[in-house]
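Here the structure is laid out as structure tokens; the discussion comes afterwards.
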Amino acid sequence: MKKNVLRVEGISVSYGPIQALDDVSIEVDEGEIVSLVGANGAGKTSLLRAIMGLQKVHTGRIVFMGNDITNTSTDKVAGSGIGLIPEGHLVFSTMTVLENLQVGGYHYPQEVSSSLESVFESFPVLYKRRNQIAGTLSGGEQQMLSIGRTLMSKPKLLMADEPSLGLAPKVISEIFNILRDLNEKGYPILLAEQNAKKALEFGDHAYVMETGRVLFQGPAKELMGNPKVRHAYLGGNV
Amino acid sequence: MSPVIYYFLSFTAINILMCWAFYLPYRVGQLHHLVVSCMMASAYFSGYAARQWSWPFALTLLVGTAIGMLICLLPSFAIGDAPCFTVVIVGLTVLFIMKTAIENTRALGGTLGFFGIPQVNNLLLLAYLCLAVAGLLIYRIDNSRLGRAASMVFVDRDAASALGVDVKRLGMLFQIIAGGLAGLAGSLYAFLIGSLFPEFFNLGVIGTLMCMLFAGGHSTMWGVVISVPVFEGLHLILPTAVASWLQVIYAVTLIVVILVLPGGLITKKMLVKVGERFRARPQTVSIKGGIKE
Amino acid sequence: MEIFVAQLLNGLSLGSIYVLLVLGFNLMLVVAKIIQFAYPHLVVLSMYVCWGMLKYTNNMFLVVLASIVSCVIVNVAIEPIFRALSKKHGLDINVSFVVSISIALLITDVMSHALNYGFPIAFPTDWVGKSVLNFGLITFSVGQAYALIGGIAAVALFFYLLYRTRQGRVFRALSENSVLASIIGIPVVKTRILSYAIAGLLGGVTAVLFARLLGSASPSLGDFVAMKVVAVSILAGLGNLKGGLVCGLLLGIAESLAMGYLPGSWSNAIAFMMILIIMLIKPEGLFGIQI
């Protein structure tokens with residue numbers, strides 16, 4: 001039996017009168033890749049934001065490593081070990097690559113140098129560009145920096161929000177390879193991805209979301225074979 | 001009429017005018033402190049013209065208003081669409097420059113003050129007449145396409161200009177009208193009070209006016225009509241020991257109001273609700289032949 | 001030529017005071033996203049604290065400590081007002097401006113009512129000190145030397161803190177994108193409070209240097225300095241720290257040169273005239289807004 005890392009129990013979120021999430025429950029187990037699939041506006045980002053404490057949760061509970069983190073402030077959620085790789089390869093664009101990584105290790109000031117070493121090991125390109133201003137990196141490099149910065153905070157769970165958005169196909173597969181490697185190193189990953197095919201191939205377990213609800217869930221391979229899912233998200237005859 | 005009531009009524013009229021002068025540019029998100037300079041210039045001009053040149057009241061009032069508009073016209077070419085903080089600093093610097101100039105001008109009484117402005121019959125009545133005319137003007141502007149454009153600019157400047165609002169011209173127009181209102185207020189101030197002191201026109205006046213505007217509600221012109229008499233009345237009722245701390249009271253009120261009642265006492269929403277209650281039901285429009293798909 | 005050199009030195013020492021004030025002001029602007037118009041008023045309040053302390057003790061260390069502690073306490077005490085404000089209005093800079101102007105009025109009114117009966121205060125003559133350099137009629141006093149040297153040291157420390165330390169990186173990260181900063185685990189509220197504290201610390205030091213430079217203070221000093229500080233910060237581009245450095249020094253020099261060649265009672269008006277002209281030519285500032 002695998003240990004449970006993150007458990008979301010029936011949460012609802014609304015932006016004013018608009019219901020963004022309605023009774024959503026998901027689980028992420030140790031060493032697992034969980035994919036959230038759904039069109040734009042299905043609630044994937046809202047779910048990640050709610051877990052992160054960026055969005056107020058009205059009902060339901062979010063439990064991380066056995067602790068209730070519902071409506072905890074974002075910095076505490078991050079400090080407790082959830083690392084979000086935000087949408088749109090966000091970096092601190094006026095700071096250097098090195099500074100971006102250093103600031104990522106806010107909660108572990110003593111271990112910054114050792115974490116830096118391991119990040120530079122996995123991303124040699126970041127080492128090469130360590131003194132460059134982050135805003136001048138290419139999109140793919142910024143995404144790597146964003147991932148590296150998240151790793152600096154020693155997360156126990158990685159959440160990636162649309163990591164492929166706005167990147168070239170070749171770079172996308174590179175980013176997915178990086179995420180795969182990280183998973184093999186032991187990081188559980190919660191991935192929100194619009195590209196259903198990619199997400200289902202990549203994940204062990206998947207949730208299909210639509211208009212703030214979970215429609216289908218199950219092992220990713222099974223969902224791939226589900227005719228309804230195939231019809232709605234994989235363009236019928238894939 | 002007892003002097004207390006006379007001063008209450010005079011200051012109420014002047015402050016409502018000045019609050020409206022603040023209100024108009026704030027419709028497009030600018031705190032136009034320059035209007036206090038307009039008021040000061042116009043007050044000193046009116047006083048001087050009436051005493052030294054014996055100008056008639058009506059002419060002085062007109063020229064005073066024109067001076068206010070002129071003072072706002074020239075900088076408005078540069079700051080018509082400037083960000084709020086730039087407009088504030090321009091206003092404050094002009095005020096201090098003007099104050100220094102007047103303090104160093106012997107003919108205007110310097111720091112000692114300017115006295116002996118001739119009295120005018122039925123002045124209070126005339127002042128409230130001016131107030132009514134100014135109110136009508138602002139009401140017309142508020143309910144025209146200019147007012148609607150201003151509301152749009154207040155919410156989102158870029159969106160408004162993308163929709164074809166000329167933000168700069170709108171800002172200039174409001175600034176100039178505000179200058180005119182302040183000029184009028186200054187002229188009336190000179191005649192109503194009869195003496196002028198440069199120390200009166202300082203940051204304190206700006207704080208007082210901002211407090212009155214924000215407490216009354218900065219989204220409609222009616223808020224100040226209620227808040228100004230209340231604050232002026234408060235001024236009279238409070239014992240002298242407390243009243244000397246009036247600036248502190250204004251400052252604290254302003255902070256509390258902004259924190260607790262962000263829209264002020266009277267908001268646009270409230271007016272809309274009141275309007276709906278009094279207005280007749282909208283007529284149902286019938287289209288001959290129904291609506292074709 | 002002698003007058004020119006002397007006024008240049010005067011201008012540098014005055015300018016370094018402006019630079020310190022603009023730095024503290026800009027730190028709160030970029031980290032907490034507020035326009036703290038009342039910041040110079042707090043510094044003037046701390047000058048009053050120095051003056052009060054000097055009545056009881058001549059110990060320089062104690063006076064500086066009192067100045068710093070008072071400035072930090074008052075500045076941090078103001079923070080909850082702005083935090084409540086940003087909860088109610090979002091990060092609306094204009095509203096923070098209105099609130100800070102009323103705080104400024106409050107401080108000014110307290111100073112003009114309750115402290116020294118509203119009269120200007122004068123620091124002891126040895127506080128300003130004798131002149132160390134003489135240029136004919138114009139002298140360079142110990143106080144000015146302190147202002148210049150202390151100013152340079154404080155600015156250097158400030159930039160070291162901001163660009164070379166862990167806390168400085170956190171400030172810069174928060175100023176660039178507060179949501180991203182919280183996502184990577186930076187405690188936003190705590191960091192904001194810290195920025196107020198550091199601005200207060202800077203303000204306390206500035207108060208001592210300013211007192212030694214001027215030798216006097218009055219309730220209205222805060223208004224004059226606040227307008228110059230905000231103006232410099234706008235000219236430099238709101239939140240632009242390095243621009244503030246340049247513009248603050250330039251204002252100090254320009255003001256001193258104008259004072260050296262023009263009649264005295266107009267000196268503030270001349271400074272404001274320069275500010276006004278540049279502001280009308282460049283309403284968005286010279287180096288671009290960075291917030």
Side-chain angles (χ1 to χ4, degrees), chain A residues 45 48-49 51-55 72-113 133-135 142 145-156 158-161, chain C residues 26-27 29-33 79-80 83-84 86-91 159-195 198 236-245 287-291:
Chain A
T45 299
L48 297 192
R49 283 175 64 89
I51 294 169
M52 214 55 211
L54 286 162
Q55 196 61 49
T72 312
S73 70
T74 307
D75 58 282
K76 292 215 178 77
V77 175
S80 73
I82 299 185
L84 173 67
I85 302 161
E87 191 180 327
H89 40 85
L90 279 181
V91 294
F92 296 110
S93 57
T94 57
M95 296 163 71
T96 66
V97 171
L98 184 63
E99 285 173 333
N100 262 280
L101 293 173
Q102 284 169 330
V103 100
Y106 180 84
H107 282 280
Y108 301 94
Q110 266 77 47
E111 295 156 49
V112 164
S113 50
I133 298 293
Q142 287 187 357
L145 177 56
S146 183
I147 296 172
R149 187 190 55 211
T150 311
L151 293 180
M152 291 293 293
S153 65
K154 302 185 175 298
K156 302 182 183 84
L158 272 179
M159 302 200 299
D161 194 1
Chain C
N26 271 342
L27 180 68
L29 180 60
V30 297
V31 176
K33 301 283 184 289
E79 192 271 344
R83 199 186 331 151
S86 69
K87 256 191 199 139
K88 202 96 186 176
H89 293 259
L91 291 171
F159 275 92
Y160 177 81
L161 168 84
L162 207 59
Y163 286 93
R164 289 282 176 273
T165 65
R166 172 168 170 266
Q167 191 57 49
R169 282 194 293 272
V170 171
F171 279 145
R172 278 157 56 217
L174 189 60
S175 75
E176 196 181 316
N177 186 338
S178 59
V179 175
L180 183 55
S182 68
I183 284 174
I184 65 172
I186 293 172
V188 175
V189 173
K190 194 182 130 198
T191 310
R192 288 213 176 121
I193 293 175
L194 205 60
S195 80
I198 288 175
L238 278 185
N240 189 329
L241 294 168
K242 287 165 194 162
L245 198 72
F287 300 124
I289 295 172
Q290 289 201 346
I291 44 168

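First the proteins, then the strands, lettered A, B, ... as listed; each starts at 1.
- Between C/I184 and A/Y106 there is no side-chain heavy-atom pair separated by less than 4.5 Å.
- Around NZ of A/K76, the count of heavy atoms belonging to other residues, nucleotides or ligands within 6.0 Å does not exceed 12.
- In this structure, no portion of A/T150 lies under 4.5 Å from any heavy atom of chain C.
- A 4.5 Å side-chain heavy-atom check between C/S178 and C/K33 finds every atom pair outside the cut-off.
- By the 4.5 Å heavy-atom criterion applied to side chains, C/I183 and A/L54 are counted as neighbours.
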Applying side-chain contact (heavy atoms from CB on, under 4.5 Å) to A/T94 and C/R172, what does each step give before you reach the verdict? CA-CA 9 Å; A/T94 57; C/R172 278 157 56 217; 6.0 Å; no

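- Ranked by heavy-atom pairs shorter than 4.5 Å toward chain A, the options C/V179, C/I186, C/V189 are led by C/I186.
- Taking 4.5 Å as the limit, some side-chain heavy atom of C/R192 sits within range of a side-chain heavy atom of C/L174.
- Along residues 159-167 of chain C, the residues that come nearer than 4.5 angstrom to chain A, judged on non-hydrogen atoms, are C/Y163, C/R166 in order of number.
- Using a distance-only test at 3.5 Å, with no hydrogens or angles considered, no donor-acceptor pair links the side chain of A/S146 to the main chain of A/V91.
- Neither the backbone nor the side chain of A/S73 comes within contact range of chain C, judged by heavy atoms closer than 4.5 Å.
- To the nearest 0.5 Å, atoms CG (A/L101) and CE (A/M95) are separated by 10.0 Å.
- Residue A/L90 touches chain C through both its backbone and its side chain, counting heavy-atom pairs closer than 4.5 Å.
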